[in-house]
> 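Okay, handing you the structure first.
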Amino acid sequence: MKTISTQRHVLTLELIDDQELIRLYEQYHQPGGVWPEVFESIRDSGIENMQIYRLGTLLVMVLDVHASFTFEVKSKNDKANPKVQEWELLMESFQSVEVTPEKSGKSWIRFFISLIIESCLKHKSNLNDEIEI
């Protein structure tokens, strides 16, 4: 029986509007392109499933995470990992971001935390039931 994650996080990121850079970014994310240390960091942090979708220059990342997952712990562990930092620096070269006082660097923006799965589990709802938003 498969366990269901209790949290889903959705993050966004803008790529630089350059077809060659986008092609290269996608190439890095093909099977065998992501460095093993990055996959290890993802798994060790409690991320159980990760999907990235692209529409033009907009990327949307969907993370299903273990209940113990926190962005703070992941960030701390990633900062202590030189290979993950090297990957992050490389990936930043593809990203476009408007620098604001609240956001001084390039990275994914967490804009929505879905509690739909957790809510369904608490109320013993069927995950296939229609959910009105």
Side-chain angles (χ1 to χ4, degrees):
M1 183 170 158
K2 184 179 177 188
T3 57
I4 298 174
S5 300
T6 57
Q7 290 186 332
R8 173 170 284 168
H9 298 273
V10 180
L11 301 93
T12 64
L13 179 127
E14 284 285 337
L15 294 174
I16 295 171
D17 192 4
D18 178 295
Q19 291 307 306
E20 181 57 24
L21 286 177
I22 291 171
R23 185 196 65 72
L24 188 55
Y25 178 87
E26 288 182 342
Q27 185 176 338
Y28 274 111
H29 288 82
Q30 293 300 310
V34 177
W35 302 345
E37 298 87 354
V38 174
F39 274 129
E40 185 178 328
S41 168
I42 290 167
R43 281 191 300 270
D44 290 350
S45 71
I47 296 173
E48 296 174 350
N49 186 36
M50 174 189 285
Q51 298 172 329
I52 301 175
Y53 302 92
R54 182 175 72 83
L55 178 62
T57 59
L58 176 66
L59 295 179
V60 177
M61 179 191 291
V62 180
L63 302 174
D64 293 323
V65 302
H66 187 271
S68 64
F69 173 86
T70 69
F71 284 100
E72 294 76 20
V73 170
K74 172 131 179 51
S75 177
K76 179 182 173 188
N77 291 339
D78 286 352
K79 286 179 181 171
N81 185 325
K83 202 65 176 169
V84 171
Q85 287 303 295
E86 185 181 346
W87 174 265
E88 291 296 328
L89 187 60
L90 175 62
M91 291 302 108
E92 284 182 6
S93 67
F94 301 101
Q95 301 172 14
S96 174
V97 68
E98 184 176 321
V99 178
T100 64
E102 301 82 34
K103 183 146 191 61
S104 60
K106 297 178 179 183
S107 66
W108 290 90
I109 301 169
R110 184 173 24 156
F111 75 95
F112 182 75
I113 299 175
S114 170
L115 300 176
I116 293 172
I117 293 175
E118 184 176 3
S119 176
C120 288
L121 292 173
K122 283 182 183 175
H123 298 95
K124 298 185 183 348
S125 301
N126 184 336
L127 290 175
N128 294 322
D129 291 346
E130 287 187 25
I131 299 173
E132 241 179 81
I133 299 178

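None of these values were measured; they are calculated from a predicted model.
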> Kindly write out the residues that satisfy side-chain hydrogen bond (donor to acceptor under 3.5 Å, both in side chains) with Gln19, not counting sequence neighbours, or none if the list is empty.
none

> When rounded to the nearest 0.5 angstrom, what is the spacing between CD1 in Ile22 and CD in Gln27?
14.0 Å

> As a test of understanding, state which of Thr57, Ile52, Leu59 forms a side-chain contact (heavy atoms from CB on, under 4.5 Å) with Leu13.
Leu59

> Could you go through the side chain to side chain contact (heavy atoms under 4.5 Å, CB included) check for Tyr25 and Gln95 one step at a time?
CA-CA 9 Å; Tyr25 178 87; Gln95 301 172 14; 5.6 Å; no

> Under a 3.5 Å distance rule, please check whether Gln85 uses its side chain to pair with a backbone N or O of Asp78 as donor and acceptor.
yes

> Who are the side-chain hydrogen bond (donor to acceptor under 3.5 Å, both in side chains) partners of Gln30, not counting sequence neighbours?
none

> Do Glu14 and Ser96 have side-chain N/O donor and acceptor atoms under 3.5 Å apart?
no

> To the closest 0.5 Å, what do you measure between CG (Leu63) and CG (Asn49)?
8.5 Å

> By side chain to side chain contact (heavy atoms under 4.5 Å, CB included), which residues pair with Lys83, not counting sequence neighbours?
Trp35, Glu37, Asn81, Glu86

> Relative to the ring of His9, is the ring of Phe71 parallel (under 30°), tilted (30 to 60°) or perpendicular (over 60°)?
perpendicular

> In the structure I gave you, are the side-chain heavy atoms of Ile47 and Lys74 within less than 4.5 Å of one another anywhere?
yes

> Does Arg43 come within less than 4.0 Å of Glu40, counting only side-chain N to carboxylate O?
no

> Applying side chain to side chain contact (heavy atoms under 4.5 Å, CB included), name anything that partners Thr70, two or more places apart in sequence or on another chain.
Glu72, Val73

> Please list, chain by chain and in numerical order, all residues satisfying side-chain hydrogen bond (donor to acceptor under 3.5 Å, both in side chains) with Arg54, sequence neighbours excluded.
Glu26

> Just to verify, what does Ser45 make a side-chain hydrogen bond (donor to acceptor under 3.5 Å, both in side chains) with, not counting sequence neighbours?
none

